[in-house]
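Note: hydrogens, waters and symmetry copies are ignored here, and every other heavy atom, side chains too, is used. FYI, the numbering just counts along the sequence from 1.
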Amino acid sequence: MTQTPRAPRALVPWAHVADLMDGWPDELPVAVYDGTGEPPPDLSAVRFYVLPYAKPDATALLARMPALEAVQSLSAGVDKLLPQLPPGVVLCNGRGLHDASVAEHALSLILAVLRDIPHWVRRQDDHRWAPHFTRSLAGSRALLIGYGSIGAAVEARLLPFEVEVVRVARRARPGVHGIDELPGLLPDADIVILTLPQTATTTGLLGAEQLAALPDGALVVNVGRGGTIDTAALLDQTASGRLYAALDVVDPEPLPADHPLWRVPGVLITPHVAGGSATFYPRAERLIAEQLRRFADGRPLLNVVDRA
């Protein structure tokens with residue numbers, strides 16, 4: 001590995017990306033910053049910045065990069081990042097990196113709620129043997145709202161469980177319903193799974209009216225963005241026992257310690273960890289290595305976000 005100069009032209013979160021490249025490109029000196037501790041002192045020459053994953057404060061460094069040309073996010077959703085980017089800077093997202101991880105987590109949440117796993121964990125803590133029978137995933141009708149790469153990965157894991165999957169996206173296309181068709185789809189859904197980014201269109205997509213349209217006992221799962229569901233309306237429907245929920249994302253986030261949603265028996269909450277399992281990191285490293293090669297060679301980057 002070549003020695004990193006004081007004024008790097010690229011900033012990446014993991015040093016072992018160099019192992020995938022047989023060292024950093026000579027024409028693109030690289031420094032490493034994982035979002036913890038002090039970053040390199042001189043960032044004035046940085047042209048390509050890979051944001052450390054799950055370190056929102058790392059965006060503050062953008063102001064110290066006057067030569068910046070491209071930013072690589074390792075998240076699929078970049079709605080909060082877009083307003084922070086200087087004009088003319090190319091933004092690339094982490095599309096595809098989280099598909100397997102988020103899909104596994106979504107399936108885990110669904111099975112945990114349907115098979116009452118939180119209940120059994122609490123009984124184990126109490127050393128109590130008190131069996132009862134639970135619901136099943138097989139034979140369910142799942143409404144999958146957000147049919148991008150993550151949605152398709154969720155579907156691929158549901159189908160072997162004998163689930164009927166109904167696809168919903170922003171616009172209708174063959175085999176996929178449009179969001180405008182939700183009023184006719186919600187009353188027949190056993191499970192609703194959201195894998196959506198948060199935009200002006202998706203914010204509050206599942207509000208009081210939509211949640212009320214779901215049948216008694218339906219399960220609402222969110223592994224997209226917390227703001228796509230009206231939290232107050234969801235709290236009302238789950239606290240009454242009418243609906244269940246499994247949430248990896250919430251609004252507000254992080255959820256305050258005294259928020260009543262924590263205490264609802266039919267709600268399972270994980271702290272926005274769906275995308276960060278072990279399967280994510282090797283995929284992210286390969287993407288970073290490929291993007292560095294492309295940037296150094298002047299070739300088009302992958303996963304460029306349309307900022308229009």
Checklist entry - Donor-acceptor pair, Thr203 side chain versus Gly227 backbone, under 3.5 Å? => result no
Item to check | Phe295 side, atom CZ; Leu301 side, atom CG - distance, nearest 0.5 Å | outcome: 7.0 Å
Checklist entry - Is the side chain of Ser101 donor-acceptor paired with the backbone N or O of Ser277 at a distance under 3.5 Å, no angle test? => result yes
Checklist entry - Quick one: do Arg123 and Asp126 make a salt bridge, cutoff under 4.0 Å? => result yes
Checklist outcome for this item: dist Gln72:CD -> Asn93:CG (nearest 0.5 Å) comes out at 7.5 Å
Checklist entry - Pairs in or reaching into residues 54-95: which pass ring-ring contact (aromatic ring centres under 6.0 Å, His included), with residues at least two apart or in two chains? => result none
Next on the checklist: Using every non-hydrogen atom in the two residues, find where Ala100 and Arg283 come nearest and quote the distance to one decimal.
Outcome noted: CB-NH2, 3.7 Å
Checklist entry - Backbone N or O of Thr202 within a donor-acceptor pair of the Arg225 side chain at under 3.5 Å? => result no
Item to check | Audit row: Val71, Leu62, side chain to side chain contact (heavy atoms under 4.5 Å, CB included) steps and yes/no | outcome: CA-CA 9 Å; Val71 170; Leu62 293 169; 3.9 Å; yes
Checklist outcome for this item: Rounded to the nearest 0.5 Å, the OH atom of Tyr49 sits from the CE atom of Met65 at a distance of 5.0 Å
Checklist entry - Can you tell me if His105 uses its side chain to pair, donor with acceptor, with the backbone of Ala274 under 3.5 Å? => result no
Checklist outcome for this item: Rounding to 0.5 Å, atoms CD (Gln210) and CG (Leu234) come to a distance of 12.5 Å
Next on the checklist: Does the plane of the ring in Phe280 sit parallel, tilted or perpendicular to the ring in Tyr53? Use 30° and 60° as the thresholds.
Outcome noted: tilted
Next on the checklist: Let's go through Val221 and Val113 carefully: what are the C-alpha distance in whole Å and the side-chain angles of both, what is the deciding distance for side chain to side chain contact (heavy atoms under 4.5 Å, CB included) to 0.1 Å, and is it a yes or a no?
Outcome noted: CA-CA 10 Å; Val221 181; Val113 173; over 6 Å; no
Item to check | Side chain Ser140, main chain Ala142, donor-acceptor under 3.5 Å | outcome: no
Next on the checklist: Evaluate Asp190 against Arg141 for salt bridge (charged side-chain N to carboxylate O under 4.0 Å, His left out), listing each step before the verdict.
Outcome noted: CA-CA 5 Å; Asp190 301 301; Arg141 188 171 193 258; over 6 Å; no
Item to check | Rounded distance (nearest 0.5 Å) linking atom OH of Tyr147 with atom CG of Leu196 | outcome: 14.0 Å
Checklist entry - What is the minimum heavy-atom distance between Arg135 and Arg115, and which atoms define it? => result O-CD, 3.0 Å
Checklist outcome for this item: Closest non-hydrogen atoms of Val304 and Cys92, given as atom of the first, atom of the second and distance, are CG2-SG, 4.0 Å
Checklist entry - So with a 6.0 Å cut-off around CD of Glu27, is the heavy-atom count from everything else above 12? => result yes
Next on the checklist: Within this structure, what is the CG-CG distance for the pair Leu205 and Leu194, rounded to the nearest 0.5 Å?
Outcome noted: 6.5 Å
Checklist entry - Are there more than 12 heavy atoms of other residues, nucleotides or ligands under 6.0 Å from atom CD of Glu162? => result no
Next on the checklist: Working note: Arg286 + Glu290, criterion salt bridge (charged side-chain N to carboxylate O under 4.0 Å, His left out); need CA distance, chi angles, decisive distance, verdict.
Outcome noted: CA-CA 6 Å; Arg286 289 193 295 269; Glu290 177 63 21; over 6 Å; no
Checklist entry - Would you say the side-chain atoms of Glu253 pair up with the backbone N or O of Val250, donor to acceptor, closer than 3.5 Å? => result yes
Checklist entry - Is a donor on one side and an acceptor on the other found under 3.5 Å between the side chain of Arg64 and the backbone of Pro41? => result yes
Checklist entry - When you measure from the side chain of His119 to the backbone N and O of Pro265, does any donor-acceptor pair fall under 3.5 Å? => result no
Checklist entry - Hey, are the side chains of Leu114 and Ile191 touching, using non-hydrogen atoms and a 4.5 Å cut-off? => result yes
Item to check | CZ (Arg294) with more than 12 external heavy atoms under 6.0 Å | outcome: yes
Checklist entry - Is a donor on one side and an acceptor on the other found under 3.5 Å between the side chain of Asp248 and the backbone of His272? => result yes
Checklist outcome for this item: side-chain hydrogen bond (donor to acceptor under 3.5 Å, both in side chains) filter on His259, not counting sequence neighbours, yields none
Item to check | Qualifying residues under side-chain hydrogen bond (donor to acceptor under 3.5 Å, both in side chains), relative to Glu209, sequence neighbours excluded | outcome: none
Next on the checklist: If you apply the rule side chain to side chain contact (heavy atoms under 4.5 Å, CB included), what do you find for Thr134 with His132, and how did you get there?
Outcome noted: CA-CA 7 Å; Thr134 68; His132 70 257; 4.2 Å; yes
Next on the checklist: To check you understand the geometry: which heavy-atom pair defines the closest contact between Ala296 and Pro25, and what is its length?
Outcome noted: CB-CB, 4.1 Å
Next on the checklist: Between Leu206 and Thr228, is the side chain to side chain contact (heavy atoms under 4.5 Å, CB included) condition met? List the steps.
Outcome noted: CA-CA 6 Å; Leu206 286 193; Thr228 59; over 6 Å; no
Item to check | Thr195 and its side chain to side chain contact (heavy atoms under 4.5 Å, CB included) partner, picked from Asn222, Ile145, Leu144 | outcome: Leu144
